[in-house]
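Here's the structure we're looking at; comments come further down.
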Amino acid sequence: MKRTEIKDALQCTQYGQQINVRGWVRSRRGNKNVSFIALNDGSTIKNIQIVVDLAKISESELQPVTTGSCISATGILVESMGKGQTVEIQAEQIEVYGTADPDTYPLQKKGHSMEYLRDIAHLRPRTNTFGAVFRIRHNMAIAIHTYFHQHGYFYFHTPLITASDCEGAGQMFQVTTKNLYNLKKDENGQIDYSDDFFGKMSALTVSGQLEGELGAMALGKIYTFGPTFRAENSNTPRHLAEFWMIEPEVAFIQKDELMDLEEDFLKFCVRWALDNCADDLQFLNDMFDKGLIERLKSVIDTDFVRLPYTEGINILQEAIKNGKHFEFPCNWGDDLASEHERYLVEEHFGRPVIMTDYPKEIKAFYMKLNEDGKTVQGTDVLFPSIGEIIGGSVREENYDKLMAEIERRQIPMKDMWWYLDTRRYGSAPHAGFGLGFERLMLFVTGMQNIRDVIPFPRTPKSAEF
Ligand code: 4AD
Ligand code: MG
């Protein structure tokens with residue numbers, strides 16, 4: 001018999017018809033006359049109840065139907081008298097696909113800690129919480145593609161293996177086929193990559209931006225959406241070694257239009273979550289974060305603050321004068337720590353902030369220099385409870401200025417010739433940003449740790465599963 005997904009079965013009002021559902025048993029309880037199975041198939045956070053009359057199906061037949069086992073149940077769809085559900089199934093036949101030994105199945109009880117569940121990341125998608133998170137994750141990916149497609153952007157695939165360090169932060173994972181225990185060195189003791197797979201040092205990308213710019217200089221508006229890798233040894237609740245990034249790159253726009261795009265795009269994504277993930281968000285709101293849905297709505301309804309870095313520093317120093325304590329210093333020229341970002345967003349303004357015009361020393365080489373010669377046209381978006389969610393900027397399109405910056409930073413020229421060619425041939429003003437997908441997921445789900453919004457997190461000393 002054809003399977004009905006539980007989300008559809010729960011909507012169905014054609015009582016009296018025979019249906020078949022398949023899924024994993026969340027619980028089984030009952031007495032000597034009747035047994036109640038709560039079944040979930042992942043299509044929705046809701047379970048369907050299967051009522052087994054023990055006069056029809058014997059207790060011994062039901063014995064392997066324990067928490068975590070997988071079954072196929074066929075029966076009659078009826079209106080339910082029990083509270084919290086509209087329909088249930090009166091079982092006629094139950095087939096067990098796979099048992100789950102109650103003595104060893106790790107998801108026996110409810111209410112496991114997030115840390116415990118991380119250690120069983122292969123099974124945690126079967127919990128209500130992670131089912132909700134990963135359904136939302138899917139919906140957010142669809143939101144992103146929908147937004148850009150509707151606005152005329154082309155999805156442009158940039159390479160994952162590259163020889164250039166976009167952010168210049170030296171956080172790349174090298175890619176090699178060489179025997180690491182027997183590396184060929186030149187006369188100066190440097191590794192000779194000439195006989196390595198790519199014939200030069202190569203690594204996993206930290207950002208698709210540089211290649212994205214090449215796309216924008218031909219197609220006008222592009223975006224990337226793919227994995228990025230950073231060998232950042234920071235064990236924080238907001239950093240992963242492997243994360244997904246969305247990077248639009250747009251020709252012919254300036255700083256204000258870039259900020260409009262960042263704000264409009266983020267609001268679209270958050271609205272999409274509210275419109276498409278209501279059950280899952282309600283669950284997370286009830287179980288973990290009573291302010292979640294309110295917070296999502298408030299972001300849609302307010303204008304983001306647009307704040308030059310220099311003014312931000314003034315506000316922070318004023319706060320310090322008035323007795324506010326920060327762990328890290330924040331003088332002009334310092335990179336803001338997440339405590340500073342969160343103070344501005346959560347305490348001072350009470351809404352998202354787009355911070356602009358950073359000191360050039362704390363930003364990447366490609367950002368457009370302002371006339372003051374000191375600041376660059378960065379446009380980072382800072383979010384409540386997250387801090388930096390987007391890093392963006394207008395790009396330096398002037399060949400001489402870009403070249404001067406590359407030389408000042410001693411970035412090896414031979415690796416950059418193709419990027420510089422965009423400034424030699426038909427250069428154009430352009431701008432773009434990168435959204436960390438898991439940072440967006442943290443905001444939308446209210447989860448506290450970035451390890452809990454990606455199925456299989458990669459962090460220092462952890463590459464299990
Ligand atoms: O600010 P970042 O480093 O900017 C860039 O990579 C630019 N090339 C983007 C662009 O303009 N096209 O990173 C962008 C975003 C950050 O704002 C943050 O949300 C996320 O990527 N991010 C991380 N997310 C999880 N783990 C990490 N280790 C991250 N590093 C950055
Ligand atoms: Mg950044």
Side-chain angles (χ1 to χ4, degrees), residues 137 140 144 148 153 156 158 162 164-173 204-216 221-250 253 255 258-259 261-262 265-266 269 309 335-338 340-341 345 352-356 358-359 362-368 376-383 385-396 419 430-444 447 449-454 457-460 462:
R137 190 176 163 107
M140 298 321 290
I144 285 155
F148 288 120
Y153 288 69
F156 192 69
T158 53
T162 170
S164 60
D165 182 356
C166 172
E167 294 304 300
Q171 298 173 324
M172 301 183 87
F173 289 100
L204 298 176
T205 188
V206 296
S207 161
Q209 177 193 325
L210 301 185
E211 293 89 350
E213 286 185 52
L214 311 182
K221 295 195 287 193
I222 64 93
Y223 71 105
T224 72
F225 185 177
T228 41
F229 307 88
R230 294 195 186 179
E232 209 164 7
N233 205 357
S234 39
N235 248 310
T236 81
R238 297 179 311 123
H239 288 89
L240 290 165
E242 176 180 303
F243 62 99
W244 288 64
M245 185 146 62
I246 296 95
E247 297 185 274
E249 194 68 36
V250 192
I253 63 166
K255 193 174 73 181
L258 175 63
M259 290 191 282
L261 173 64
E262 291 175 345
F265 169 63
L266 283 170
C269 291
Y309 168 91
D335 211 350
L336 294 190
S338 109
H340 305 129
E341 296 172 344
V345 173
V353 170
I354 308 183
M355 185 166 271
T356 65
Y358 290 84
I362 59 171
K363 289 292 182 191
F365 75 96
Y366 49 71
M367 294 195 187
K368 187 178 174 74
V376 289
Q377 296 189 10
T379 57
D380 288 3
V381 183
L382 314 179
F383 250 39
S385 77
I386 307 297
E388 180 189 330
I389 193 164
I390 275 182
S393 77
V394 180
R395 318 306 188 190
E396 183 56 74
Y419 183 70
H430 64 289
F433 67 79
L435 166 71
F437 188 49
E438 287 75 18
R439 299 261 175 105
L440 175 67
M441 280 297 297
L442 278 176
F443 181 71
V444 168
M447 290 282 111
N449 194 309
I450 199 161
R451 293 165 179 78
D452 300 330
V453 295
I454 185 167
R458 296 289 176 255
T459 53
S462 167

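Order of listing sets the numbers, starting from 1, for every ligand and every atom in it. These numbers come from a predicted model, not from an experiment.
Remark: minimum distance from atom 12 (N) of ligand 1 to any protein heavy atom is reached at E247 OE2, 2.7 Å. Annotation: atom 18 (C) of ligand 1 to nearest protein heavy atom, R439 NH1, 3.5 Å. Here the protein heavy atom with the shortest distance to atom 26 (N) of ligand 1 is L240 N, 2.9 Å. The protein heavy atom nearest to atom 5 (C) of ligand 1 is E167 OE2, 3.3 Å. The single protein non-hydrogen atom nearest to atom 19 (O) of ligand 1 is I389 O, 2.8 Å, given as residue, atom name and distance. Regarding atom 15 (C) of ligand 1, its nearest protein heavy-atom neighbour is G434 O, 3.5 Å.
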Q) Are M447 and M441 close enough, and set up right, to give a side chain to side chain contact (heavy atoms under 4.5 Å, CB included), and what steps lead you there? A) CA-CA 8 Å; M447 290 282 111; M441 280 297 297; over 6 Å; no
Q. Would L440 and L435 count as a side chain to side chain contact (heavy atoms under 4.5 Å, CB included) if you check the C-alpha gap in whole Å, the side-chain angles of each, and the deciding distance to 0.1 Å?
A. CA-CA 8 Å; L440 175 67; L435 166 71; 3.9 Å; yes
Q) Stepwise, does the side chain to side chain contact (heavy atoms under 4.5 Å, CB included) test hold for F225 with W244? A) CA-CA 7 Å; F225 185 177; W244 288 64; 3.9 Å; yes
Q.
Pair S234, T236 - check side chain to side chain donor-acceptor pair (under 3.5 Å), show working.
A. CA-CA 6 Å; S234 39; T236 81; 5.3 Å; no
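Counting heavy atoms from C-beta outward, K363 and D380 have side chains that approach closer than 4.5 Å. Between T162 and E211, the closest side-chain pair of non-hydrogen atoms falls below 4.5 Å. The shortest side-chain heavy-atom distance between M172 and F229 does not fall under the 4.5 Å cut-off. By the 4.5 Å heavy-atom criterion applied to side chains, V381 and T379 are not counted as neighbours.
By the 3.5 Å distance cut-off applied to N or O atoms, F243 is not counted among the residues near ligand 1. The shortest N or O to N or O distance between G391 and ligand 1 is under 3.5 Å. Considering both main-chain and side-chain atoms, E388 comes within under 3.5 Å of ligand 1 through a nitrogen or oxygen pair. In terms of polar-atom proximity, defined here as any N/O pair under 3.5 Å, S207 does make such a contact with ligand 1. Polar contact with ligand 1: present for G436 (N/O pair, distance under 3.5 Å). Where the criterion is an N or O separation shorter than 3.5 Å, residue side chain and backbone included, V206 fails it with respect to ligand 1. Considering backbone and side-chain atoms together, S393 places no N or O closer than 3.5 Å to any N or O of ligand 1.
Ring planes of Y309 and Y358: tilted class, angle from 30 to 60°.
Nearest to atom 2 (P) of ligand 1 by heavy atom, out of M245, Q171, R230, is R230.
The ligand atoms of ligand 1 that sit less than 4.0 angstrom from a heavy atom of I450 are 25 (C). Close approach of ligand 1 to I390 (heavy-atom distance below 4.0 Å) involves ligand atoms 17 (O).
No heavy atom of T228 sits closer than 4.0 Å to any atom of ligand 1. Remark: distances from the non-hydrogen atoms of E438 to ligand 1 are all 4.0 Å or more. At least one heavy atom of R238 sits less than 4.0 Å from an atom of ligand 1. The closest approach between a heavy atom of R395 and any atom of ligand 1 is below 4.0 Å. Residue contacts with ligand 1 include Y366, since one or more of its heavy atoms lies under 4.0 Å from the ligand.
When heavy-atom distances to ligand 1 are checked against a 4.0 Å cut-off, D380 has no atom that comes that close, whether in backbone or side chain.
Side-chain contact, E213 with Y366: no donor N or O sits under 3.5 Å from an acceptor N or O.
Crowding of N233 atom CG: a count of heavy atoms from other residues, nucleotides or ligands under 6.0 Å not exceeding 12.
Taking the six-membered ring for Trp and the full ring otherwise, F443 and F383 have centroids separated by under 6.0 Å. Taking the six-membered ring wherever Trp is involved, the centroid distance between the rings of F433 and F265 falls below 6.0 Å.
For the atom pair OG1 (T356) and CD (Q377), the distance works out to 8.5 Å, reported to the nearest 0.5 Å.
When the N, O or S atoms of E388 are ranked by distance to the Mg ion (ligand 2), OE2 comes first.
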